[in-house]
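Everything on this sheet refers to the single structure shown next.
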Amino acid sequence: MILPLLLVLQAGVLAPADTPTPAHDAQHYDLLLTIPATGKVISGQMTTRWRLLSGGPFVVELDSVLVIRDVQLNGRPARGWERHGDVVTIPQRGQAGDSATTLIRYVGTPRDGLVIRDSLGIRTVFADNWPNRAHRWFPLQDHPSDKATVTFHVAAPNGYQVIANGNRTGPQPIQTGLLWTYDMDRPIPPATMVVGVAHMARAKMGDGGCPVRCVPVEVWTYADDSSYAVTGPFRNATGIIDYFSAVIGEFPYSRLTHVQSSTIFGGMENSTAIFYDEKAYRKHTLTESTVAHETAHQWFGDAVTERDWSHLWLSEGFATYFAALWAEHLGGDSALQETMTAAAEEIFKSPVTERPVIDTASNLMDLLNTNNYNKGGWVLHSLRGLLGDSTFFRGIRDYYATYRDSTVLSLDFEHSMETASGQDLTWYFHQALTQPGYPKLDITSRYDSTRHQLAMTVRQVQPESWGTYRLPGFELLVGGMLVRVDIDGRESKFSFDQFTENPGRVEADPNGWWLFQAVSGEQ
């Protein structure tokens with residue numbers, strides 16, 4: 001009875017029952033947004049097409065500082081709608097499976113989410129949604145579990161460039177300037193639904209992803225930063241897509257634009273329109289590794305999206321590891337090892353190491369930590385070492401193909417890797433994602449010259465609260481000979497008879513597949 005109970009508990013963590021369920025399925029958002037030539041007062045009209053999940057009301061979020069002018073249901077004034085803080089409730093009489101349309105007109109000055117300012121002497125407007133700040137400037141169900149397609153119609157003053165998700169039509173002249181239209185025909189999470197408005201220089205970088213799928217790539221920057229961008233961090237922008245397309249599968253969208261912006265993050269993986277911190281351009285600190293990380297998010301985070309914030313590693317851990325794979329692609333095994341070693345050092349000194357990877361936080365920004373980035377990357381790296389390249393990358397490709405344009409939990413990834421490997425990997429994902437910390441190994445050896453036998457003891461000396469770890473096939477380099485042992489429990493003992501003399505120094509995990517610390521004499 002103990003094993004089944006453990007499996008139930010483990011599945012409950014990898015697939016939490018409390019994942020929020022949207023009131024209804026938002027299938028398409030259509031936003032008409034007017035950006036002023038001066039000031040910060042915007043006006044918006046959001047039309048949403050729904051598939052009903054029940055007879056209950058529509059429940060959307062919109063920041064309370066934005067004033068609602070009109071609410072309609074199926075083309076008529078909505079009766080009985082209410083607003084309490086940021087929550088707007090619209091009664092409806094349909095049943096599960098029906099379709100419906102709502103419209104909300106609103107006006108006001110966003111206090112967050114859509115940043116309007118004079119940036120470095122340039123007037124700019126950029127959305128900055130992550131994690132749940134999209135409702136600060138337009139009404140929607142602001143949670144990654146409800147992906148939708150989206151169309152943006154952006155009325156902007158003359159002389160400005162507008163970027164948004166998807167493919168552009170226009171712009172068309174209107175009385176106040178130009179109307180730009182972008183249509184995103186693939187469902188994406190709310191955090192990546194964005195617009196940007198600024199005086200921008202545009203550089204075409206060519207196509208990436210051919211022959212799997214040719215993807216036009218552009219770089220949009222403030223004029224003074226264009227030369228640095230195209231010859232520096234984005235010089236391999238198409239090559240990154242080439243590599244990831246070959247390893248993962250076709251690029252999920254029809255194009256990709258890298259955009260200098262006023263985001264608070266170093267990079268933000270908005271679908272088809274990645275935003276990067278403008279200051280990194282001016283300081284020339286934007287790295288190709290960041291570009292690779294954000295590009296990998298187009299596959300993992302955008303196309304395949306974590307259904308619950310507690311599973312953020314499915315986005316950030318994947319992007320972190322695929323940036324490391326890009327380093328390996330360019331620089332070989334040594335570049336990968338250097339990257340993973342640096343990631344491990346950050347884990348070792350991080351206070352969040354005392355918590356598991358699958359975690360909750362009252363402030364979602366606190367989830368941007370070494371567990372979801374560095375340790376999430378190590379979860380993938382050790383799994384690759386355990387399964388081998390052929391099986392690992394087959395599982396990655398199947399996972400992407402199965403869940404593209406959908407949402408996932410960690411259990412879904414586990415199932416994909418179990419199918420690819422033909423193995424039960426419950427134990428691995430349990431320890432990797434639900435246990436805090438990592439193994440601390442005290443490895444001692446003693447050579448018996450009479451019997452020509454080497455006796456070795458491996459003790460796990462990490463805190464009791466971290467539990468113990470299984471490390472099957474753990475490699476040891478002993479006297480120039482590579483041997484493999486299965487480490488399990490607080491103490492594992494081994495003996496080797498193949499050494500005719502003292503082999504001397506023992507090097508643990510010489511190929512760097514496991515996250516652990518080698519220590520001496522700790523208890």
Side-chain angles (χ1 to χ4, degrees), residues 112-115 117 119-120 122 124-134 163 189 191-194 196 198 200 217-222 224-226 228-237 240-241 244 256-302 306 309 312-327 339-340 342-343 345-347 350 352 361 363-377:
D112 190 17
L114 190 70
V115 182
R117 68 181 185 184
S119 183
L120 303 175
I122 304 169
T124 62
V125 181
F126 285 104
D128 203 10
N129 294 354
W130 201 94
N132 57 348
R133 293 153 58 222
I163 188 70
T192 72
M193 298 177 180
V194 296
M200 306 289 279
V217 179
E218 294 186 354
V219 173
W220 289 29
T221 66
Y222 308 154
D224 291 346
D225 300 313
S226 179
Y228 158 72
V230 298
T231 60
F234 298 105
R235 65 186 182 277
N236 286 323
I240 293 171
I241 296 179
F244 289 160
L256 181 62
T257 304
H258 299 280
V259 185
Q260 184 177 7
S261 76
S262 56
T263 178
I264 63 174
F265 305 107
M268 178 57 211
E269 62 269 17
N270 310 307
S271 307
T272 74
I274 301 172
F275 288 1
Y276 300 87
D277 176 22
E278 62 197 1
K279 296 184 290 296
Y281 291 73
R282 293 296 165 92
K283 297 178 180 179
H284 290 193
T285 57
L286 181 60
T287 66
E288 188 171 288
S289 178
T290 298
V291 176
H293 178 106
E294 302 304 332
T295 302
H297 269 310
Q298 301 294 297
W299 282 267
F300 301 114
D302 293 6
E306 66 277 9
W309 292 119
L312 183 62
W313 84 277
L314 292 170
S315 175
E316 297 301 345
F318 273 67
T320 298
Y321 191 56
F322 276 84
L325 292 179
W326 172 249
T339 302
M340 298 311 296
E345 291 300 325
E346 293 297 317
I347 296 169
S350 172
V352 299
N363 181 352
L364 294 177
M365 289 289 185
D366 291 341
L367 293 175
L368 301 178
N369 58 41
T370 53
N371 273 351
N372 282 309
Y373 285 77
N374 302 43
K375 194 173 180 183

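- Between F300 and Y321, the distance from one ring center to the other does not fall under 6.0 angstrom.
- The closest side-chain heavy-atom distance from R133 to I264 is below 4.5 Å.
- In this structure, Q298 and I274 have side chains that are in contact, with non-hydrogen atoms separated by less than 4.5 Å.
- Looking at heavy atoms from C-beta onward, W326 lies out of side-chain contact with T295 at the 4.5 angstrom threshold.
- For the pair P233/Y228, a side-chain contact is recorded, criterion being any heavy-atom separation below 4.5 Å from C-beta on.
- With no hydrogens or angles considered, no side-chain donor-acceptor pair links E269 and W130 at under 3.5 Å.
- Atom CE of M340 is separated from atom CD of E345 by 12.0 Å, given to the nearest 0.5 angstrom.
- The closest side-chain heavy-atom distance from D128 to F265 is below 4.5 Å.
- In this structure, a donor-acceptor pair under 3.5 Å is absent between the side chains of E294 and Y276.
- Side-chain contact between T370 and K375 is absent, with no heavy atoms from C-beta onward closer than 4.5 Å.
- Residues G301 and P189 come closest through the heavy atom pair O-CG, 3.8 Å.
- What you find for S271 and T192 is that their closest heavy atoms are OG-OG1, 2.9 Å.
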Apply side-chain contact (heavy atoms from CB on, under 4.5 Å) to H297 and M268, showing your working.
CA-CA 9 Å; H297 269 310; M268 178 57 211; over 6 Å; no
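- Under a 3.5 Å cut-off, the side chain of S350 and the backbone N or O of E346 do not form any donor-acceptor pair.
- Counting heavy atoms from C-beta outward, W220 and Q260 have side chains that stay 4.5 Å or more apart.
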Between V194 and I163, is a side-chain contact (heavy atoms from CB on, under 4.5 Å) present by the stated rule, with each step listed?
CA-CA 8 Å; V194 296; I163 188 70; over 6 Å; no
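- The CG atom of L367 lies 11.5 Å from the OG atom of S315; values are rounded to the nearest 0.5 Å.
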Should Y281 and L286 be marked as a side-chain contact (heavy atoms from CB on, under 4.5 Å) after you check the CA-CA gap, both sets of side-chain angles, and the distance that decides it?
CA-CA 6 Å; Y281 291 73; L286 181 60; 3.9 Å; yes
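- Ring to ring, W313 and F318 are close: their centroids are under 6.0 angstrom apart.
- A donor-acceptor pair is defined here as one N or O able to donate and one able to accept, closer than 3.5 Å; such a pair exists between the side chain of N371 and the backbone of V352.
- Rounding to the nearest 0.5 Å gives a distance of 11.0 Å between CG of D366 and CG of N372.
- Using a 4.5 Å heavy-atom cutoff, the side chains of Y373 and H293 are in contact.
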Could you give me the CA-CA distance, side-chain angles and deciding distance for V259 and F126, then say whether side-chain contact (heavy atoms from CB on, under 4.5 Å) is met?
CA-CA 10 Å; V259 185; F126 285 104; 3.9 Å; yes
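- We find the NZ-CG distance between K283 and D225 to be 13.0 Å, quoted to the nearest 0.5 Å.
- Using cut-offs of 30° and 60° on the angle between ring planes, the pair F234 and H258 is tilted.
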